[in-house]
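Numbers here are sequence positions counted from 1. As the structure is a prediction and not an experimental result, all values here were calculated from the model.
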Amino acid sequence: MSNVKNIFQGLKGDKAIWAIVALLALFSFLPVYSAASNLAYIRGDGNTLRFLIKHGMHLVLGFAMLYGVHKIPYHYFKGLSVIFLPLVVVLLIVTIAQGTTVSGAYAARWIKIPFMGVGFQTSTLAAVVLMVYVARYLSRIKDKQVTFKETLVPLWLPVGVVLALILPANFSTTAIIFCMVLMLMFLGGYPLKYLGIIIGIGIAALLLFVLVVKAFPGTSLSSKVTTWENRIANFTSEEVDADADYQIEKAKIAIASGGPFGLGPGKSVQKNFLPQSSSDFIYAIIVEEFGLLGALFLMLLYLLLLFRITVIAHKAETIFAKLLVIGVGMPIVFQALINMAVAVELFPVTGQTLPLVSSGGTSIWMTCLAIGIVLSVSAKRDPKEIKEDATKEKELNPLDILSETI
């Protein structure tokens, strides 16, 4: 008991965020366990308990990561981002090299962790590291006059390389990261005329990629691009295609069945028909089982998380801290809203999970990593520590010295 008490006493940072994260994690067990019955049936063993245990283990590891990260003084993430960025690029290259074809579609999102046999989605780690790196760069050029040419190599080259390596397998993640980088650049005071150029280059690069891939029909990448086109076409078309819109139609049936109060925990019917009911479309199952009230409560938690992130960024003592909180915190809420929007057909199907609620280890771990960074910034320190953090904006910490050497 004393060890548990010491752990709780050691929690630093915004208590509201700790409460929100705990509520989301505890709530997630209900829809994940309910939706797991479909997975157990498909795999033929009927054992739903193992999916619940697996989800619990993912959360335990995620919270252990969150606890450890939030103890690290936030200014150390400056140097860590530069050191980890080349590692992330290598991991993305390995992921592409190990890519396989599943049902004729290109699937290069995961790599196997050695000796553990666990899949890891490298793009989610890349997103967090890249946002920290961008925040670091913006804090270094704050109040300086920079030309577009001066930012090409130190800023846009790493961003472009990471996005180019994620794009072939995951367009939605690439688009989200690109939008978040642009948002952070705008808030960080990067010249608007340069942002316009980058948006134009990004659109041109995407079109060039699509044209090159379509020039070689029959390849796995060509099938992937066709999937992107079909999703956008189905979303914008007024005609209903029963096969192409199968997931969305089942999700809408689940939502319509929920009513104000829902069918009750575990009583979802559409979980037996809806693919990815425990991950991408878990929000539809939540609405079916917990009704409109449950759906609004969940949305309120994410909006409250957004509010606390904004408050922490506003109160942060340094430019880097402000940009860091926005860079790693905002994508969590943005991803949650996209997941909900997809379930109610306000957005094309993207494959984005509901942070801390959907099953899936990588999503949970990287969300906990990002929240840990936010809590590190919000951790209350004595005036001496705050003064030291402020000076770190001008003086390199040991990790920065190492990163500059590299």
ask   = Between the main-chain N or O of T353 and the side-chain N or O of Q335, is there a donor-acceptor pair closer than 3.5 Å?
value = yes
Here the gap from T122 atom OG1 to L92 atom CG, rounded to the nearest 0.5 Å, amounts to 4.5 Å
Between W18 and K12, the two heavy atoms sitting closest are NE1-O, 2.7 Å
CZ (F261) and CG (L292) are apart, to the nearest 0.5 Å, by 9.0 Å
Exercise for the section: Check the pair L206 / L167 against side-chain contact (heavy atoms from CB on, under 4.5 Å), numbers first and verdict last. Expected result: CA-CA 9 Å; L206 176 61; L167 176 62; 4.1 Å; yes
Check: I371 and I332 side chains under 4.5 Å, non-hydrogen atoms:
yes
Q: Please find out if less than 6.0 Å separates the ring center of F29 from that of H55.
A: yes
Query raised in the report: Does Y283 reach the main-chain N or O of A295 with its side chain, forming a donor-acceptor pair under 3.5 Å?
Result: yes
Next item on the list: May I ask you to decide if A379's main-chain N or O and D14's side chain share a donor-acceptor pair within less than 3.5 Å?
Entry: no
Contacts of E345 meeting salt bridge (Lys or Arg N to Asp or Glu O under 4.0 Å) (sequence neighbours excluded), chain-then-number -> K252
Looking only at heavy atoms, the pair that brings C368 and G62 closest together is CB-O, 3.1 Å
When you compare the side chain of M180 with that of L130, does any pair of heavy atoms fall below 4.5 Å? no
- Message: Does any part of the side chain of L30, heavy atoms only, come nearer than 4.5 Å to the side chain of F290, both counted from C-beta?
- Response: yes
Counting the benzene-type ring for Trp, do F84 and F77 have ring centres under 6.0 Å apart?
no
Decide side-chain contact (heavy atoms from CB on, under 4.5 Å) for F51 and V32; before the verdict, give the C-alpha distance in whole Å, the side-chain angles of both, and the deciding distance to 0.1 Å.
CA-CA 8 Å; F51 291 100; V32 167; 5.6 Å; no
Taking C-beta and beyond as the side chain, do I338 and I176 meet within less than 4.5 Å on heavy atoms? yes
*asked:* Donor-acceptor pair, distance only, cut-off 3.5 Å: does the side chain of K271 make one with the backbone of G266?
replied: yes
V377 and Y74 have their tightest heavy-atom pair at CG2-CB, 3.7 Å
To the nearest 0.5 Å, atom CZ of R136 lies from atom CE of M131 at 15.0 Å
(request) Please determine, by modelled atom types, if S376 and K71 share a side-chain donor-acceptor pair under 3.5 angstrom. (result) no
### Task
Go through K78 and V132 one step at a time and tell me if the side-chain contact (heavy atoms from CB on, under 4.5 Å) criterion holds.
CA-CA 7 Å; K78 264 189 178 182; V132 178; over 6 Å; no
Across all chains, not counting sequence neighbours, the side chain to side chain contact (heavy atoms under 4.5 Å, CB included) partners of T151 are Y137, V146, F148, L155, W156, Y190
Here the pair of heavy atoms bringing A126 nearest to V88 is CB-CG1, 3.2 Å
>> Between K322 (side chain only) and E317 (backbone N and O only), is there a donor and an acceptor less than 3.5 Å apart?
In response: no
CG (L165) and OG1 (T95) are apart, to the nearest 0.5 Å, by 9.0 Å
Residues 292-302 vs salt bridge (Lys or Arg N to Asp or Glu O under 4.0 Å), sequence neighbours excluded, gives none
Heavy-atom nearest pair, P348 first then V342, reads O-CG2, 3.2 Å
Query raised in the report: Does the side chain of L324 reach to within under 4.5 Å of the side chain of I373, using non-hydrogen atoms?
Result: yes
Is there a side chain to side chain donor-acceptor pair (under 3.5 Å) between S268 and S34? Walk through the geometry before answering. CA-CA 8 Å; S268 167; S34 175; 5.4 Å; no
### Query
Are any of the side-chain heavy atoms of L263 and E289 separated by less than 4.5 Å?
no
* **Check: S279 side chain, S358 main-chain N or O, donor-acceptor pair, under 3.5 Å** => no
Interatomic distance, CG@L356 vs CD1@I20, rounded to 0.5 Å, equals 11.0 Å
So F178 and F171, ring-ring contact (aromatic ring centres under 6.0 Å, His included) or not? Walk me through it. CA-CA 10 Å; F178 184 61; F171 170 71; over 10 Å; no
Taken to the nearest 0.5 Å, the spacing of F307 CZ from L300 CG works out to 12.0 Å
>> Using modelled atom types and a 3.5 Å cut-off, is there a donor and acceptor pairing between side-chain atoms of Y302 and backbone atoms of P355?
In response: yes
When every non-hydrogen atom of G188 is compared with those of L138, the smallest separation belongs to CA-CD1, 4.2 Å
Under 3.5 Å, is there a donor-acceptor pair between the E288 and S257 side chains? no
ask   = T174 side chain to N170 main-chain N or O, any donor-acceptor pair under 3.5 Å?
value = yes
Note, M330 side chain near T310 side chain (heavy atom, < 4.5 Å):
yes
Notebook entry, point to check: Do side-chain atoms of S359 reach the backbone of S278 as a donor and acceptor pair under 3.5 angstrom?
Noted result: yes
Check your understanding: Hey, does Q121 have a side-chain heavy atom less than 4.5 Å from the side chain of S363?
Key -> no
Check: Within 45° of the axis and under 6.0 Å from the centre of the six-membered ring of F281, does NZ or CZ of K250 qualify?
Finding: no
Determine, stepwise, if the pair Q352 / S172 fulfils side chain to side chain donor-acceptor pair (under 3.5 Å). CA-CA 8 Å; Q352 297 297 318; S172 61; 2.9 Å; yes
Could you walk me through whether L125 and W365 pass the side-chain contact (heavy atoms from CB on, under 4.5 Å) test, one step at a time? CA-CA 9 Å; L125 174 62; W365 300 335; over 6 Å; no
